[in-house]
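Heavy-atom basis, side chains included; hydrogens, waters and symmetry copies ignored.
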Amino acid sequence: MLPLFAVLSLLQLTMIGASTATIIDLATGAVLIVAGMVLLFTGVDYGILPMGRYVGAALPEKGSISLIVAVAFALGFATTLAEPDVLVLANQVNRFMSDISRQTILYSIAVGVGAFTGIAMARIVLGFSLRGLLTFAYGAMLALSFFAPAQFIPLAYDAGSVTTGVLTAPIVISIAIGLSSVLAGRSAVADGFGLLGFASIGPIFAMMAIGILLR
């Protein structure tokens with residue numbers, strides 16, 4: 001945070017001419033951010049990552065692909081609702097777009113992440129190619145861009161990027177690693193990574209679909 005705080009302070013002093021009180025507020029905010037990040041990442045390391053690996057490793061014992069997909073969807077959906085980046089995007093868009101509500105944006109992104117997380121976990125179990133899956137998904141995403149309203153295109157792609165945040169990323173990756181680690185012939189590196197990039201396609205589809213429906 002120190003380089004960021006230094007750059008912001010320099011801009012405040014040279015370009016804006018901020019008062020001492022404003023600089024103090026900035027410093028106070030930086031201290032609170034650092035404290036919050038320390039607590040957040042400590043919780044991720046000691047709680048979320050082990051939990052994800054344990055859940056992922058335990059799912060194959062149930063012998064049900066449907067259960068694996070359902071659990072992956074539920075975790076992807078619930079995590080996205082709590083993702084700070086997603087909440088910020090939904091709040092900002094709601095200020096400038098009167099034809100779509102904050103809840104619609106939030107739940108659409110969450111459904112997209114959950115659905116594609118479920119597909120990604122099914123891919124690990126069934127063993128089909130991630131390369132082929134990504135090729136098809138990105139091709140369909142680009143094709144859909146030609147039919148969605150122009151104002152929804154940048155929103156859709158931002159919706160995909162904000163899902164790779166501090167909560168969604170560790171949960172999706174840890175579950176995938178836990179799942180692949182207990183399946184014979186699977187590699188944690190080959191199967192446990194790449195899924196976050198695939199899961200982020202879901203919100204892009206969801207937002208462009210909403211744009212087409214609202215046209």
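- Between V34 and M1 the shortest heavy-atom distance is CG2-CG, 3.6 Å.
- Put simply, the side chain of V113 does not reach to within 4.5 Å of the side chain of F77, judged on heavy atoms.
- Residues T168 and D85 are not in side-chain contact: their nearest non-hydrogen atoms beyond the backbone lie 4.5 Å or more apart.
- Under the side-chain hydrogen bond (donor to acceptor under 3.5 Å, both in side chains) criterion, S161 pairs with no residue, sequence neighbours left out.
- Looking only at distances, a side-chain donor or acceptor of S108 sits under 3.5 Å from a matching main-chain atom of T104.
- Residues satisfying the side-chain contact (heavy atoms from CB on, under 4.5 Å) criterion with L2, sequence neighbours excluded, are absent altogether.
- The line from CG of L87 to CZ of R102 is 6.0 Å long, rounded to the nearest 0.5 Å.
- Atom OH of Y107 is surrounded by 12 or fewer heavy atoms from other residues, nucleotides or ligands within 6.0 Å.
- Residues V86 and I105 have side chains not in contact (no heavy-atom distance under 4.5 Å, counting atoms from C-beta outward).
- In this structure the side chain of M121 reaches within 4.5 angstrom of the side chain of I124, judged on heavy atoms.
- At a cut-off of 3.5 Å, with distance as the only test, no side-chain donor of S174 or Y54 sits close to an acceptor on the other residue.
- Taking CG from L106 and OG from S101, the interatomic distance works out to 9.5 Å, rounded to the nearest 0.5 Å.
- A search for ring pair (Phe, Tyr, Trp, His ring centres under 6.0 Å) contacts involving F198 returns F116, not counting sequence neighbours.
- When all heavy atoms of P203 and T163 are compared, the closest pair comes out as CG-CG2, 3.6 Å.
- Judged by distance alone, with hydrogens and angles left aside, the side-chain atoms of T79 form no donor-acceptor pair with the main-chain N or O of G76 at under 3.5 Å.
- Contact record, A199 with T117: CB-OG1, 3.7 Å, taken as the closest heavy-atom pair.
- Of the residues D45, L39, V38, the one that meets the side-chain contact (heavy atoms from CB on, under 4.5 Å) test with T42 is V38.
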